[in-house]
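Numbering starts at 1 and runs along the sequence shown. As the structure is a computational prediction, the values presented were derived from the model and not from experiment.
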Amino acid sequence: MQQLYVVGLEVAPTDVGRLPLAFERLLAHMEQHVSPATSGLSAAALMAGKGEIVVPGYGQGRPEQHVRWLPVTVADNVRALRIEIEQDLPKGGRFLCQLTASEYDGRTGFRVVMGRQNDGLLAPATVEDLRPPRALNAIMRDPELKCTDGRDSITTNVMPVLTAQLPLIRERLCAPERRLPILVVSSVRTMGPPTAFARQAARRLAGLAHVVVISGWLAFDSFNAGLERNLLPRDGARLYWPTTDARSPWWGSADLYGDHDVLLGRLTRLLAPLSVVARGRDRLWDAIRSAETNALLDDLAGTEGEQIARLKEKLEDERDQLVQLLEQNEQLENQVARLGIEVANLTAQLETATLPTVAEPTDVRGQPVANPGDFSSDWDRWTEESDGALIFTPNAKDQWQRCSYPYPERMREALDTLADLAKEWRNRKAAWEPRLSRGSAIGPPWFMHRRMSLYVGRNCMNSSLSARNHGTGSLISSWTITPPRTGLEGSTLPLTAKRIDGLWTMLD
């Protein structure tokens, strides 16, 4: 098999004293690949002896899968199960996926290897189409299991980062023992395509990279302010390697607002070949197979005397030869992987050479925000982003300047959302305005699903902040933000929205 993708995990139970053990949990997740509901196979049946079945394809046009399994049991704490899945590829060739659960001397591991059958063709493989098998995602989501790679904790979750968590992220980026790269995604709004891309990347790149989302303007500016190079683009992404001397590739907002599958395919092609070289051989599986051979020889030792001794000597010679062949095979596979990486790099260089020069995102560096409540540079930006549907009066700006509201970053994010809503208001009002009755609560489903929560201090911005639609030259709609009532000290109530005398007003 030509290996194209390798993920190796050390697995332990979250509660050490709780049963079942980690190995049994791994078997329970692996058995889904033999369709236990239709085949009647269970984890116990898989460990009872080797076998194979044909699993029909799920859905129209899906190829059938040929599944083989091989259990190895030497002792209660020395055992393993390997499942191999083969299926034909739509574009020709044969795809192979190998799942291995191993337990040896108190250590439990799970390993996924994906690749294609060696068919003699000198042609690149479609690494972009590789996706983690179901068992891998299920194991990482299992609350009873803890998956690690060295000191890296491996999950399928995105790590959201606000300003308070930035020191932790900087520490992880500089940690010398880190094994996996970190994909940092910038999302100046709490929701949107960058955040959706981060969630998809966390699942698709599970075991290949960590995924972190820098949320909000203040966190974004503060993150870049602490970097000397390899700045994070606004609403973009950057991959930070474990070694600080390597150049970090980046993708701009156009990529994150575009086709996510295409971008994830590029990331998979970049990381998958490196995983083959970094992981090497499955040492746990080799140790268990060696222990199996030793146990077999020990069983034969007391039966035949000299004949058994000669047989043991011959088997030892053959095992040495097998080890040499395996080492040579590993070297050849690594050489093939390195050549594949070189081909990918040369292809990328050729593509880059034919495109206009793209400069590093140096313009995204922002000075540290000395006063987070200073919106002087944002008023015009919000008006521009709303296509002129959101207008701030001088009185509104003056009231905010004199406001002592303690959470300016929340207000900034809320006004980002309000700019989007004002723009959609102008675009959609003609379709749903006739359906609204005077004095009733807001009814359009799009607005109800995206209702914001603005946290404003009393007497702050009051009724002076309005968003006006000047599409027809007259005041058709307007938002007026008023402060929420304050109950207990430091608590607020969410705002609601009502239509009063032709005005859309955010009321407490």
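- With hydrogens and angles disregarded, a donor-acceptor distance shorter than 3.5 Å links the side chain of R178 to the backbone of L180.
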* Can you check side chain to side chain donor-acceptor pair (under 3.5 Å) on S153 and T148, steps first, answer last? -> CA-CA 5 Å; S153 178; T148 58; over 6 Å; no

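- Shown here is E171, whose CD atom has no more than 12 heavy atoms of other residues, nucleotides or ligands within 6.0 Å.
- A distance-only check finds a donor-acceptor pair linking the side chain of S39 to the backbone of S35 [under 3.5 Å].
- Side chains of L256 and L263 form a contact here, defined as non-hydrogen atoms less than 4.5 Å apart.
- R111 places a side-chain heavy atom less than 4.5 Å from the side chain of V6.
- In this structure, T108 contributes its side chain and E103 its backbone to no donor-acceptor pair below 3.5 Å.
- Put simply, the side chain of L173 reaches to within 4.5 Å of the side chain of I182, judged on heavy atoms.
- At distances below 3.5 Å, not a single donor-acceptor pair connects side-chain atoms of D149 with backbone N or O atoms of R179.
- Under the side chain to side chain donor-acceptor pair (under 3.5 Å) test applied with Q87, the options H66, Q65, E64 reduce to a single match, Q65.
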* **T100/R82 under side chain to side chain donor-acceptor pair (under 3.5 Å): CA gap, chis, key distance, verdict** => CA-CA 4 Å; T100 306; R82 171 166 286 182; 2.9 Å; yes

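- A donor-acceptor pair under 3.5 Å is formed between the side chain of S186 and the backbone N or O of D235.
- Applying the 6.0 Å contact sphere to CG of D76 captures no more than 12 heavy atoms from other residues, nucleotides or ligands.
- Between Y5 and P132, some side-chain heavy-atom pair lies under the 4.5 Å cut-off.
- Distance alone, capped at 3.5 Å, is enough to place a donor-acceptor pair between the T155 side chain and the N157 backbone.
- A donor-acceptor pair under 3.5 Å is formed between the side chain of S275 and the backbone N or O of A272.
- Here the side chain of Q32 pairs a donor or acceptor atom with the backbone of H29 at under 3.5 angstrom.
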* **side chain to side chain contact (heavy atoms under 4.5 Å, CB included) between L46 and E31, intermediate numbers included** => CA-CA 8 Å; L46 296 178; E31 71 177 14; 4.3 Å; yes

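- L271 has its side chain within reach of L239: a pair of non-hydrogen atoms, C-beta onward, lies under 4.5 Å apart.
- At least one side-chain heavy atom of I169 sits under 4.5 Å from a side-chain heavy atom of M159.
- For the pair W251 (side chain) and R238 (backbone), a donor-acceptor distance under 3.5 Å is absent.
- Around CZ of R281, the count of heavy atoms belonging to other residues, nucleotides or ligands within 6.0 Å exceeds 12.
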